[in-house]
Enquirer: 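The structure is given below, and queries will be raised subsequently.
Below, chain A is the first sequence line, B the second, and so on; all start at residue 1.
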2 protein chains.
Amino acid sequence: MVKYKTQELNHIFHALSDPTRRSILRDLGGREKTVGQIAQPYRMSLAAISKHLKVLEMARLIDRRKEGSHQFVRLNPETLKTANEWISYYEQFWNDRLEALRNLLEEGDST
Amino acid sequence: MVKYKTQELNHIFHALSDPTRRSILRDLGGREKTVGQIAQPYRMSLAAISKHLKVLEMARLIDRRKEGSHQFVRLNPETLKTANEWISYYEQFWNDRLEALRNLLEEGDST
DNA sequence: TTTATATTTAACCATATGGTTAAATATATC
DNA sequence: GATATATTTAACCATATGGTTAAATATAAA
């Protein structure tokens, strides 16, 4: 059984709760981009994008690679897996419990 | 392909970003509880728990059933599925892209 | 060395968040 | 009706969030 670190999950889910950040992650699919390239489609300032990237980085949803004056930003899909595992675990857990509850109720009805 | 509603995802991920709320969801596994029962293990006030429940309700992660002066709160696992689907979709999407990228690079190396 | 480009940091602002205590509301019970 | 119980709402507070513009920093290019 996986042990989830509270802080880690706080950061991941918080990062995912903002539509701009989800959009950035989406745009990053599989290829590296510079900060400028990431910012380009958005109407907000570069400073704002920079902050969003910091939040994504804190959550370890992205990695950065510095090369001269540019930075290359890329996804870290491993982290998304953490969130996925947390959710999947509880989803399963709850579904099992709910089913157990249903069975119990049926039993009560039929006897 | 599923279409995810922005607001819905905002609410779900925001709700999940707080450890108290995740803990409440965990405690609710499969059985209904009253607000008082939910609050019991926590050191914070009932008012604070009430607010957390409102956030979870807004995200449709829980449902409520009123019965006299009590309320029964229960999970809505359907919503967790929404979050799970979003994450799984992008995880897959990214992994595919990353693999494509890797293949491309290998090709470049070997020829 | 100057200048242009890429990115972050600082200072600021309005609103949201997560908590508190006290008052309000709704139902149950005496 | 009066009182106890369950829960929410209101008012408040400190800190966080998501944005802005302007200044700072770092590298590249002339």
Enquirer: Could you tell me the Watson-Crick or G-U partner of D/dA22, where both distances fall under 3.5 Å? Say none if there is no partner.
Expert: C/dT9
Enquirer: Could you check whether any side-chain N or O of B/Arg60 sits under 3.5 Å from a backbone N or O of B/Thr79, counting only pairs where one atom can act as donor and the other as acceptor?
Expert: no
Enquirer: Counting just side-chain N and O atoms, does A/Gln71 come under 4.0 Å of either OP1 or OP2 of C/dT8?
Expert: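 So the side chain of A/Gln71 is within the cut-off, an N or O lying under 4.0 Å from OP1 or OP2 of C/dT8.
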Enquirer: Calculate the interatomic distance between A/Met58 atom CE and D/dG18 atom P; express it in whole Å.
Expert: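 Going from CE in A/Met58 over to P in D/dG18 covers 12 Å.
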Enquirer: Would you tell me if any nitrogen or oxygen in the side chain of A/Lys54 comes within less than 4.0 Å of OP1 or OP2 on C/dT9?
Expert: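 Looking at the OP1 and OP2 atoms of C/dT9, one of them is under 4.0 Å from a side-chain N or O of A/Lys54.
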Enquirer: Using only atom types and a distance under 3.5 Å, with no angle test, would you say the side chain of B/Arg21 pairs donor to acceptor with the backbone of B/Leu16?
Expert: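 Not at all, since once roles are kept as given, no pair shorter than 3.5 Å links the two residues.
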Enquirer: If you look at every strand shown and take non-hydrogen atoms under 4.0 Å, does A/Lys51 touch a base, only sugar-phosphate, or nothing?
Expert: base
Enquirer: Within the structure, does a side-chain N or O atom of A/Arg64 lie under 4.0 Å from either OP1 or OP2 of C/dT8?
Expert: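 Yes, within the criterion.
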Enquirer: CD of A/Gln40 versus P of C/dT5: gap in Å, rounded?
Expert: 17 Å
Enquirer: Establish, with yes or no, whether the OP1 or OP2 oxygen of D/dT17 is under 4.0 angstrom from a side-chain nitrogen or oxygen of A/His52.
Expert: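 A/His52 to D/dT17 OP1/OP2: no side-chain N or O under 4.0 Å.
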Enquirer: Which listed nucleotide (C/dT8, D/dG19, C/dG18) is nearest to the side chain of A/Leu46?
Expert: C/dT8
Enquirer: Check whether any side-chain N or O of B/Arg21 sits under 4.0 Å from OP1 or OP2 of C/dG18, and answer yes or no.
Expert: yes
Enquirer: Do A/Val55 and A/Leu61 have side-chain heavy atoms sitting under 4.5 Å apart?
Expert: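 No, every pair of side-chain atoms sits at 4.5 Å or beyond.
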Enquirer: Is the phosphate of D/dT8 approached by B/Ser50 (side-chain N or O, under 4.0 Å from OP1 or OP2)?
Expert: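 Yes, such a contact exists.
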Enquirer: Closest approach to the side chain of B/Ala48, judged atom by atom: which nucleotide of C/dT21, D/dT7, C/dG19 is it?
Expert: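 So the side chain of B/Ala48 is nearest to C/dG19.
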Enquirer: Can you check whether A/Ser88 reaches B/Asn84 side chain to side chain, under 4.5 Å on heavy atoms?
Expert: yes
Enquirer: Using whole Å, what does the distance between atom P of nucleotide C/dG18 and atom CG of B/Leu56 come to?
Expert: 10 Å
Enquirer: So, is A/Ser45 near the phosphate of D/dT20, with a side-chain N or O under 4.0 Å from OP1 or OP2?
Expert: yes
Enquirer: Check whether any side-chain heavy atom of A/His14 lies under 4.5 Å from a side-chain heavy atom of A/Asn10, and answer yes or no.
Expert: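 No, too far: nothing below the 4.5 Å cut-off.
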Enquirer: Please confirm whether the shortest side-chain N or O distance from A/His14 to OP1 or OP2 of D/dA16 is below 4.0 Å.
Expert: no
Enquirer: Can you work out whether A/Lys66 or A/Ser17 has the more 5'-proximal nearest nucleotide on DNA chain D?
Expert: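 By nearest-heavy-atom nucleotide position, the 5'-most residue is A/Ser17.
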